[in-house]
Structure formats: C-alpha cells, structure tokens
Amino acid sequence: MLTLITFPGSFGAPSHSPYCVKAMCLLQLSGFEWQPKYLNDPRPMPLSRLPVLRDSETLIPDSAQIQAHLEGKGADFYRGLSDQDKARAHALVQMTEMGLYNILVHDRWLVDECWTHTREAFFHVIPFIVRGQLTRKLRKNIRNKMIAQGTAQFTESERLEQMARDLNALAMQLGDQDFLFGEVPTAADAAIAPVLDMILNLPAKTGARDLLRGWDGLPAYVGRVRDQLYPTP
Ligand SMILES: N[C@@H](CCC(=O)N[C@@H](CS)C(=O)NCC(=O)O)C(=O)O
C-alpha cells in the first residue's frame, strides 16, 4: 500500500501543510489505497520537506512529483480535458503555489495574533523548555524568507491587491461550475482548494482571511472540494 508521509492536521484540515493536503486529495482522486504516516520533523526526508510518498522502498518527495508518480501508475487527474485546459490548470496551480500560498505563510507566521495559535498548533509537541527559543528562530527564518521572496516587502494593502487579482482569476475560471474544470474535481482542485481553505481558516482575523471569506463563490467551492476530496478522519 502507498504511504503518505505528512504533517499532522490543525485548524480543521487533515494536515498543516496545503501541499500535504494536496497529496492526500490526489491520492483520493487516484483511487489507489493509501495510508498516512504522520511526522512532525521533515529533516530526515529527501528535500527536508513534506509531503513524501512511500511506494514500496521508494520515497517520492514534492507534491508535483507525487502527482507524476501516480500518473505513471495510471491515475488520470484531468480525464477528458483538452490540452488547453490542462495548460490553464497548470498555470492556476503555479499562481496559487507562488502567490496565495505565500500570503498564507505570511499571515500564519508573521501576523502576531495568528502566530500565537500557529505556534501552539504546530509546535506543541516540542518540549516546553526549548519551544520558545526554537520557534523564535523558526519565525525569524520565515520572516527573512518572506522578505527575500517579496511577500513581506509589500504593504498589507498591496498584498491584498495582488491576492484579489489571483482570487479573481480563480473565480473567473470557476464561473458557475462545481469545480475549476467542470462538474468533476481534478488535480487543480486538489492543489488550489487546500491553500484557499487554510486562508479561510486562519486562526485570527487578517485582511486575507476577510477578503476570501467575502468572495462570492470561493468559500462554497472550498466546501465542495473538502466534501469530495478530503480523506475522512
Ligand atoms: N514544492 C513542495 C513544497 C513542500 C513544502 O514546502 N512543504 C513545507 C510545508 S508547507 C515543508 O515541509 N517545509 C519544511 C518545514 O516545515 O520544516 C511540494 O509541492 O510538495
């Protein structure tokens, strides 16, 4: 059986990481049997990140590589779609993983009120005596990464303007369909909805959370992906 090595869940999602939830949704869509194995520290893993898929003795890191591996075993995540739609799906996934994902990371780690809850949810397993020092260091690293990558260089209103453009692109593609490419979920929904879900469920009020909660159609879309693709606990 396939084993997905994943961070555990928080704030109502089956993993802290949208990439781990993406991999779970892909596995659900694939129809293959799989089981989760929860890990808190990804450092021993290839690339030092999660998710990682174990197939017999092989470890496959990275959600896009996991997708390709499942496709190699026969999964068809875009059944019946044109090459043009597949290209559009790829572009929307990239947009979400490069843009909206970083807004999620920014708000989780750098908005003080969110950080208090994030720290508790992600790091409660670390012994209390070293937790403060370690999480301060991790937070500083994330702040530096967010500045280097650009998200933390913008003002809140600039970030929200960028986010609104991304949400508009997703809402335009969704239209009045149930899922991004029709009435059946695809790999694009597996990748995109978990990022939106985690922004919707940020543990404190932020501009990004408010913007998405108020966006006509997108919260309901996330609910449909949850119902159809998230594994049952
Ligand atoms: N491109 C990778 C990204 C995976 C990733 O960045 N995972 C993050 C969590 S969202 C991670 O494991 N970070 C290392 C850590 O948290 O220590 C994928 O698609 O799987």
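Note that ligands are numbered from 1 as they come in the structure, with each ligand's atoms numbered from 1 the same way.
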Is there a ring pair (Phe, Tyr, Trp, His ring centres under 6.0 Å) between F122 and F7? Walk through the geometry before answering. CA-CA 9 Å; F122 291 13; F7 287 113; 7.8 Å; no
According to ring-ring contact (aromatic ring centres under 6.0 Å, His included), who are the partners of H69, at least two apart in sequence or on a separate chain? none
Give a yes or no answer on whether the side chain of [X] reaches the backbone of [Y] with a donor-acceptor pair at less than 3.5 Å.
| X | Y | result |
| --- | --- | --- |
| Q173 | L180 | yes |
| R143 | L110 | no |
| Q177 | L174 | yes |

Let me check something: do I142 and L50 share a hydrophobic cluster, defined by ILVMFWY side-chain heavy atoms less than 4.5 Å apart, either directly or through other members? no
For ligand 1, run through the N/O pairs with the protein that fall under 3.5 Å and put one pair on each line.
{"unit_1": "ligand 1", "atom_1": "1 (N)", "unit_2": "D62", "atom_2": "OD2", "d": "2.8"}
{"unit_1": "ligand 1", "atom_1": "6 (O)", "unit_2": "R49", "atom_2": "NH1", "d": "2.7"}
{"unit_1": "ligand 1", "atom_1": "7 (N)", "unit_2": "L50", "atom_2": "O", "d": "2.9"}
{"unit_1": "ligand 1", "atom_1": "12 (O)", "unit_2": "L50", "atom_2": "N", "d": "2.9"}
{"unit_1": "ligand 1", "atom_1": "19 (O)", "unit_2": "S63", "atom_2": "N", "d": "3.2"}
{"unit_1": "ligand 1", "atom_1": "19 (O)", "unit_2": "S63", "atom_2": "OG", "d": "2.5"}
{"unit_1": "ligand 1", "atom_1": "20 (O)", "unit_2": "S63", "atom_2": "N", "d": "2.8"}

